[in-house]
Chemist: 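Take this structure, written in structure tokens, and hold onto it; I'll ask about it next.
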Amino acid sequence: MSEFELLDPSGIPLGRPSTGSGAGGASPGAGAAGGGTDPLLDGLNPAQARAVTARGPALLIVAGAGSGKTRVLTHRIAHLIREREAWPSQILAITFTNKAASEMRERIEGLLGDAAQGMWISTFHSACVRILRREAERFGYVSGFTIYDSADSRALLKRIIKDLEADTYGFTPANTGSKISRLKNELSGADDYAATANESDPRDRLFVEIFRSYEQELRRANAFDFDDLIGQTVHLFRSHPDVAAVYQRRFRHLLVDEYQDTNHAQYALIRELTRPVEPEQVERLTPPARAAEIDAMGRIAAASLTVVGDSDQSIYAFRGADIRNIVEFERDFSGAEVVKLEQNYRSTQNILSAANAVIGNNFDRQEKHLWTAEGDGAKIVGFTGYSQHDEARFVAEEIEDLHREGVAYGDIAVFYRTNSQTRALEELLIRSAVPYRVLGGTKFYERAEIKDAMAYLTSIANPYDPIAWSRLLGAPKRGIGPMAEAQLANFQEERDISFHEAMLAAPDLGFGPKLRATITGLAELLHRAARMAAGLPSTASADGAAPEGDADSADDPAWAEGEKRPAPVADVLKLILDETEMIEKLRAKRDPQDEARAENLEELVAVAREFDVKNPGAGLLAFLTEVSLVAAADDLDDTSGTVSLMTMHTAKGLEYRAVFITGVEEGLLPHQMSVDEIGGVSEERRLMYVGITRARERLFLTLASTRAQFGDISVAMPSRFLQEIPEALIDWRQSPGEVTGRGGTESRALNAPRGGQGSASGSRAGRGATRTDSSVSFGASTAGRGGSGSAAVSEPASGNMQSALDKWRERKRLAKEAQRAGGGFPNLIDGTARDNGDLELTPGDRIRHDDYGEGRVTGVTGAGSKRIAHVVFDSVGERKLLVKLSPIAKVE
DNA sequence: TGCGAGATAGTTTTT
DNA sequence: CTATCTCGCA
């Protein structure tokens with residue numbers, strides 16, 4: 001609504017129709033005031049400048065890695081505004097992640113100041129939610145609909161599969177969910193699938209049934225899943241041309257980033273938004289179209305479309321991304337212009353050469369000629385560890401070296417293929433007192449206790465949501481079991497009322513006195529919280545003894561005229577937490593894990609409070625939307641000054657001075673799962689390409705020759721991608737050939753002189769490791785410098801697995817706490833001493849470290865549990881160690 | 001109803 | 001290895 005008002009700021013006419021085909025040449029600064037240089041074009045190369053100033057119905061910017069596409073995109077938008085070709089409200093810019101969106105917004109604000117207000121800069125999903133919330137009533141939803149994340153979808157599917165007894169046919173929530181997701185990304189629903197399904201195949205019929213019932217349940221729950229957000233918006237536009245017309249008219253300029261990662265549904269959405277408004281719809285518009293908007297045929301011209309992408313960075317095929325969208329763009333959108341950005345401003349030549357060499361092995365791609373004016377820079381560093389711990393140790397040491405050389409922690413990133421690889425890395429980083437953070441991974445909002453609390457909020461916003469409701473019944477445990485739940489759910493379904501109403505009817509349902517009281521108590525709490533969230537006065541007298549004022553008598557007129565102001569989300573949440581005593585109950589359990597959970601809940605309150613401050617009066621629904629759509633909670637502070645750990649997928653769009661790519665092994669990168677898939681390896685290669693091109697100055701490629709997964713240890717072969725990089729570019733500190741010899745595992749005996757065929761101890765060598773010849777070419781590389789390359793293995797003797805694990809968890813928790821306590825790595829972890837908490841160290845002391853051997857303490861900084869010892873080791877030189885957690889002891 | 005032990009099964013990337 | 005589920009018992 002309010003955005004629409006911006007559409008028509010009284011008299012000021014638009015400069016010229018932005019979509020008048022092919023009008024603008026590259027005449028820079030056409031309307032710029034003072035002549036001379038145009039700040040928006042200044043410093044851009046010709047291709048970039050063209051990408052900023054080109055006008056026409058469609059523009060494809062082929063942007064190689066590091067070619068300044070964000071700059072181009074932001075400048076293009078700013079240029080449109082400044083040249084008066086568009087109002088901010090006519091801009092719709094779509095990015096892939098929220099992080100990219102907020103970064104873009106910031107940069108545009110930097111160029112335009114307040115003039116950037118009113119633009120839609122968001123992800124596909126956020127934009128669609130915004131549209132759907134506004135138009136929900138058009139197709140039988142309520143604007144307070146819930147957004148199901150994949151866990152919610154799975155919970156729903158689980159129920160359905162169980163009801164249909166489909167599990168015996170091999171249907172699981174996971175495989176069914178991903179199949180449904182795939183279909184939805186192709187915009188096909190249950191009926192479409194049924195039309196093509198094989199009627200005689202019981203599995204197919206059953207799947208149709210599951211799919212149908214899933215869609216039905218979603219609707220009954222007033223919920224959308226992730227894929228629906230896009231798909232339903234498309235359906236909305238197709239079935240309601242008048243609604244579509246509103247958006248087609250409004251958004252005159254559509255800009256899409258990372259276009260190579262769009263799937264079919266997203267493509268369809270773009271198509272819908274870039275259709276002209278036909279005359280019969282033009283007539284129905286409110287406010288009516290002005291003459292300037294309408295062309296000779298009585299239509300409103302199609303919006304202009306700008307897409308930016310790089311087919312070499314397409315890494316989301318598994319999610320339905322269709323590379324054809326970008327490859328066939330010119331054919332798709334007639335009159336499209338193509339601008340190629342090929343100069344790389346990010347990386348050194350060595351890094352770029354490696355990237356080009358790797359990606360060059362993908363056959364079906366258009367050649368690009370990425371080049372840089374930078375020098376060669378440092379060589380890429382390679383390292384092969386004996387184990388993943390050894391690899392991690394190398395990473396930690398190199399990070400410290402870099403740090404000593406003046407590279408800030410915040411300029412360093414460590415990438416990996418799978419989230420499970422973080423463990424070894426985290427352990428070593430903690431021990432080395434390197435501040436780090438993990439992006440993505442186990443997300444804050446996926447934690448059980450957070451989901452519990454969120455279930456209350458969700459249920460308040462949407463009392464028809466069975467998933468949220470069912471979750472909150474059992475959290476905390478209060479004696480409402482499956483039996484009672486089923487009874488309430490049945491009642492709810494029969495009467496077609498909300499779950500909250502069903503609970504209020506509990507007295508009539510023949511529950512025992514205790515249960516009845518519990519249920520009505522809970523119903524009243526939800527009711528109270530709902531009123532609060534809606535901005536209605538809390539019922540009657542102060543809390544404490546719940547007054548008689550039950551639901552039905554809620555129509556007191558007192559608040560009728562006072563404008564309803566939604567209560568701060570944090571207050572609602574606080575009410576829930578206080579009344580349910582969730583936090584207290586966790587604390588009472590005296591388990592450190594539960595203590596952490598309690599803290600998480602407190603953090604959730606803090607998050608909500610922050611949301612309230614940033615979005616005053618936005619209300620519960622906005623909060624829920626943000627939570628379900630925001631990926632990693634802590635994207636926000638890039639300034640935290642810590643090393644960043646993330647998967648390579650998460651890394652897309654980011655850049656760092658120094659980058660470590662870990663686990664560069666066959667089976668991991670490329671991942672085993674991808675090897676059999678068609679095009680799988682190509683996609684992995686693009687992933688590798690993305691990883692490499694994130695690095696500005698320094699690139700480290702590391703691997704391990706053995707890797708522990710699912711319990712036992714297996715031999716790992718170097719990735720084929722390593723072979724694709726010219727040997728001259730890599731400086732091997734320890735090459736694969738030096739470590740694996742002939743594919744055996746020399747697990748512990750590395751101090752033994754090489755060549756002597758060390759004992760192939762422990763694990764069965766060569767299991768499943770059909771000898772590729774990958775390792776052969778590496779044998780020749782040199783050993784690199786002495787010193788830090790060779791040290792004892794760090795494998796902690798795995799005597800007692802369980803206690804070692806517990807120990808590690810505890811250590812990790814403490815260390816995280818320490819990091820969280822304030823900016824980088826300040827003071828404090830109190831009391832709870834561990835390992836060496838009370839170890840006294842003074843300069844001059846000799847100590848022994850499990851990994852590094854003996855060394856001499858040169859200094860101690862920090863206080864309490866944050867004490868950091870500076871030690872010069874005989875073998876590896878200076879290291880910083882967190883005294884409390886390091887495996888060190890004084891040598892007498 | 002709620003808890004703990006034990007068995008089991010599944011392991012990629014994410015808005 | 002680990003997360004999830006089932007089963008039996010209090």
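Residue numbers begin at 1 in each chain, while the letters A, B, ... track the order of the sequences. Predicted model only: the values in this text are computed from it and were never measured.
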Chemist: Using the test side-chain hydrogen bond (donor to acceptor under 3.5 Å, both in side chains), find all partners of A:R203 that sit at least two apart in sequence or belong to another chain.
Modeler: none
Chemist: The criterion is ring-ring contact (aromatic ring centres under 6.0 Å, His included); which residues satisfy it with A:F623, sequence neighbours excluded?
Modeler: A:F611
Chemist: Can you tell me if A:N462 and A:T146 form a side-chain donor-acceptor pair at under 3.5 Å?
Modeler: yes
Chemist: Rounded to the Å, how far apart are A:Q487 CD and B:dT1 P?
Modeler: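 Atom CD in A:Q487 sits about 10 Å away from atom P in B:dT1.
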Chemist: Strictly under 4.0 angstrom, non-hydrogen atoms only: write out the protein contact profile of nucleotides 2-12 of chain B, one letter per nucleotide from the 5' end, B, S or -.
Modeler: SS-------BB
Chemist: Can you sort out the partners of A:E655 under side-chain contact (heavy atoms from CB on, under 4.5 Å), two or more places apart, ordered by chain and number?
Modeler: A:R346, A:R696
Chemist: What is the nucleic acid contact for A:Y316, judged by heavy atoms within less than 4.0 Å: base, sugar-phosphate only, or nothing?
Modeler: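 The residue A:Y316 makes sugar-phosphate contact but no base contact.
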Chemist: Rounded to whole angstrom, note down the C1' distance from B:dT13 over to C:dT4.
Modeler: 22 Å
Chemist: Return the value, rounded to whole Å, for the distance between atom CZ of A:R423 and atom C1' of C:dC1.
Modeler: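 Whole-Å distance recorded here is 8 Å.
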Chemist: Quickly work out the A:I180 CD1 to B:dT15 C1' distance and round it to whole Å.
Modeler: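 That distance rounds to 18 Å.
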Chemist: If the condition is ring-ring contact (aromatic ring centres under 6.0 Å, His included), which residues does A:Y141 pass it with, not counting sequence neighbours?
Modeler: A:F139, A:F224
Chemist: What is the separation between atom CG on A:N263 and atom C1' on B:dT15, rounded to the nearest whole Å?
Modeler: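 Rounded to whole Å, this separation is 10 Å.
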Chemist: Just to verify, what does A:H264 make a ring-ring contact (aromatic ring centres under 6.0 Å, His included) with, not counting sequence neighbours?
Modeler: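 Once residues adjacent in sequence are excluded, A:H264 has no partner under the ring-ring contact (aromatic ring centres under 6.0 Å, His included) criterion.
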Chemist: Can you pull every protein N or O that's under 3.5 Å from an N or O on nucleotides 4-6 of chain C?
Modeler:
residue: C:dC5; atom: OP1; partner: A:K158; partner atom: NZ; Å: 2.8

Chemist: Round to the nearest Å and state the distance from A:N98 atom CG to B:dT14 atom C1'.
Modeler: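 About 12 Å, once rounded to whole Å.
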Chemist: Using whole Å, report how far NZ of A:K184 lies from P of B:dT14.
Modeler: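 So the NZ-P distance, A:K184 to B:dT14, works out to 21 Å.
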Chemist: Rounding to an integer number of Å, can you tell me how far A:R686 CZ sits from B:dT13 C1'?
Modeler: 13 Å
Chemist: Could I get the full list of side-chain contact (heavy atoms from CB on, under 4.5 Å) partners for A:D322, not counting sequence neighbours?
Modeler: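 Per chain and number, A:D322 pairs via side-chain contact (heavy atoms from CB on, under 4.5 Å) with A:R324, A:N325.
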Chemist: When the ring centroid of A:F318 is compared with that of A:H671, is the distance short of 6.0 Å?
Modeler: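 No, ring centres 6.0 Å or more apart.
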Chemist: So, is A:T650 near the phosphate of B:dT13, with a side-chain N or O under 4.0 Å from OP1 or OP2?
Modeler: no
Chemist: Identify, between A:S126 and A:L515, the residue whose nearest nucleotide on DNA chain B lies closer to the 5' end.
Modeler: A:L515
Chemist: Just how far, in rounded Å, is C1' of B:dT15 from CD of A:Q260?
Modeler: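 Roughly 15 Å, once rounded to whole Å.
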Chemist: Which residues satisfy the ring-ring contact (aromatic ring centres under 6.0 Å, His included) test with A:Y689, sequence neighbours excluded?
Modeler: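 Expected list: none.
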